[in-house]
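Reviewing the structure listed below.
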Amino acid sequence: MDKMFYFLAFLAILSALMVVLVKNPIHSILYLLVTFTSITGHYILFNAQFLAAVNFIVYMGAIMVLFLFVIMFLNLNGETEPQKSTLVKFAGVISGGLLLLVMVASFKKAVTIPLNTEVDTQIGLIKNLGMVLFKDYALPFELASVLFLVAMIGAVMLAKKDWK
Amino acid sequence: MITLVILALVGLFLMIAGLFDISRKAVFGVAMTGMVAALAGNLYMWDKVPMAYFNRMILIDNYDVAFITAVLGVSMFLFLLSENYFGKIQNYLTEHYALYMFSLVGMIAMISFNNLVMLFIGIEILSVSLYILAGSEKNNLSSNEASLKYFLMGAFATGILLMGITLIYGASGSFYLSGIEQYFTSGNELSPIAYIGMFLVLVGMSFKVSVAPFHFWTPDVYDGSPTFVTAFMSTVVKIAGFAAFFKLFYICFSSVIHYWVEVVSVLVILTVTIGAMTAITQKSVKRLLAYSSVSHAGYMLMVVLVGADADNLMFYVVAYSISSIVAFSVLMLVQEAAGNAEITSFEGLAKVNPLLGFAMTVSMLSLAGIPLTAGFMAKVYILTSVFNAGHGIVVLVAILTAMVGIYYYFKVIIAIYFKTATEERKLFTYNSSSLFKIVLFIGIIAIIVLGICPDIIHNLI
């Protein structure tokens, strides 16, 4: 279990780094796919089977294909990409590195709790998730529909041609 | 709660109404009626026992009622001035209205949240509506730029906020404000991830209310968006943002104030200074107002710094919003007549149209904080409480930058009264209806009355 976790975590971080580092955007997407796969593995380790399935189908299936399409349509390449000045890069590295340092330090000091092996293995199934979602978190769940409605209005308003 | 439901339903209704051939006046009437009904439902909750809804997801007490009233009142005030803005929209008129209604839903969720999930969803609904509204002038390149820039940076800030919320949950084991408060006041040794979570939340919220050094999106987005949307963002949205910011820090983190007080005071000093210094060189009044809104965000952040006196925050946001709306409404008319928002377009305005000139002058005086205006009293209240809390340096910097502020606000006044208009500009007609004049009149009176007897709304909560 522990070894599996470390392996998946390593894979996730490595591929996430590669997403940013590789030049070709198509390769970036493929590495992103690997990242999502390892995160799906994490969900399974956490007993969140339903989340793992949704992550697999929605993110790795639908959204990644959409990403690939968009990138192919946009025809991105290295030459058209704007380059930042060295000073900005330097400042970015320093501030990002400081954030990393603080995060790593605080996570190292955080207390680790030993894994509870007597967990209900059914906890991540749809039934339990539904109970939480529709009972405890009913209001945020309903409001999320307003959020998606707004996003849909936006997509129609901004992307459709004006008719007058 | 009823407020939230009414606004969401009105939004849905307006969206569907777009299918049918409905006159502009009727759409406007429905939106206004919806807001009045929501306001009535909200005011009904005043001075009642605090009510919790839906498994304590939202909890409404006097603080929330007061700020929701401010949000709804200011947006209704703004909507009365919207004739020219909505009149120009050819396509998707009802969808525009629906977006405003839904953004109000987001703001109410943000103000009355009792659970960090609600805060997050509220902020998201508000932000997504604003990304779209900022880009609603599709044929204007700077509007597109504003929308994209706001979206990319906003999405990043949302990620940081979410990560902060996650870390706080990891440390305290609760999304509820009371649970987090209990964790921080328990006296046990706090987990280091609680601190970093707190600072990430601070960064995320600071971005949303445009506090320096997270303000870089503000001038471009405010400048590029349609002026009405800019007015909406810099008044109504700011009220909701600071209401949520203050509530979160006051309830959850005030017991560990010694950990973040220095950080927030540095943010305050940076915000007031950068806002004032960069406003000096601006030639466009719209951009000047954008930087002035950054600088005013610094004053509102001072209330968070003190960690008490929601009354002061309430008074400040109301005074600032009314003054800003008057300024933005004059700007909208001048921009429509002159075609740009440069300070030179305001030259000789007092002779051509005395009412507009006078309204702009009063609002500039109030924003600068000249005595006998609402803006002065607002600054006095906040600076007094900051001084009493022992942050002398912050007060000193704030007073110095307020003096710098007087310089650039007076640049507009000087253009209005002491410069003469070109022959061409003398012939401009400022397309203002009688409703517009009445609202401007009320705005001017409100600024002066609040400046003379501020107790009307101070000490309410």
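Just the heavy atoms: all of them, side chains too, but no hydrogens, waters or symmetry mates, feed the values below. Here is how names work: the chains are called A, B, and so on, in the same order as the sequence lines, proteins then strands, and each is numbered from 1. All values derive from a computational prediction rather than experimental measurement.
The closest donor-acceptor contact from the side chain of Asn55(B) to the backbone of Met57(B) lies at 3.5 Å or more, if one exists at all. Between the side chain of Ser28(A) and the backbone N or O of Lys23(A) there is no donor-acceptor pair closer than 3.5 Å. A donor-acceptor contact shorter than 3.5 Å links the side chain of Lys138(B) to the backbone of Lys160(A). Although no hydrogens or angles enter the test, the distance criterion places a donor-acceptor pair under 3.5 Å between the side chain of Ser106(A) and the main chain of Val102(A). No donor-acceptor distance shorter than 3.5 angstrom exists from the side chain of Thr40(A) to the backbone of Ala52(A), with no hydrogens or angles considered. No side-chain donor-acceptor contact under 3.5 Å links Ser145(A) to the backbone of Phe141(A).
Comparing Ile58(B), Ile132(B), Leu200(B) by heavy-atom pairs within less than 4.5 Å of chain A, the highest count is held by Ile132(B).
Here the closest heavy-atom approach between residue Val19(A) and residue Leu32(A) is recorded as CG2-N, 3.5 Å.
Interface residue Tyr137(A): backbone and side-chain heavy atoms are both found under 4.5 Å from chain B. There is no contact between Tyr53(B) and chain A, counting heavy-atom distances below 4.5 Å. When heavy atoms are compared at a cutoff of 4.5 Å, Leu167(B) approaches chain A solely by way of its side chain, counted from C-beta outward. The part of Leu12(B) that comes within reach of chain A is its side chain, from C-beta onward, which places non-hydrogen atoms under 4.5 angstrom from that chain.
The aromatic rings of Trp217(B) and Tyr150(B) sit parallel, their planes meeting at an angle under 30°, below the 60° perpendicular limit.
Applying a 4.5 Å heavy-atom cutoff, the residues of residues 99-121 of chain B that approach chain A are Leu99(B), Phe102(B), Val105(B), Ala109(B), Asn115(B), Val117(B), Met118(B), Ile121(B).
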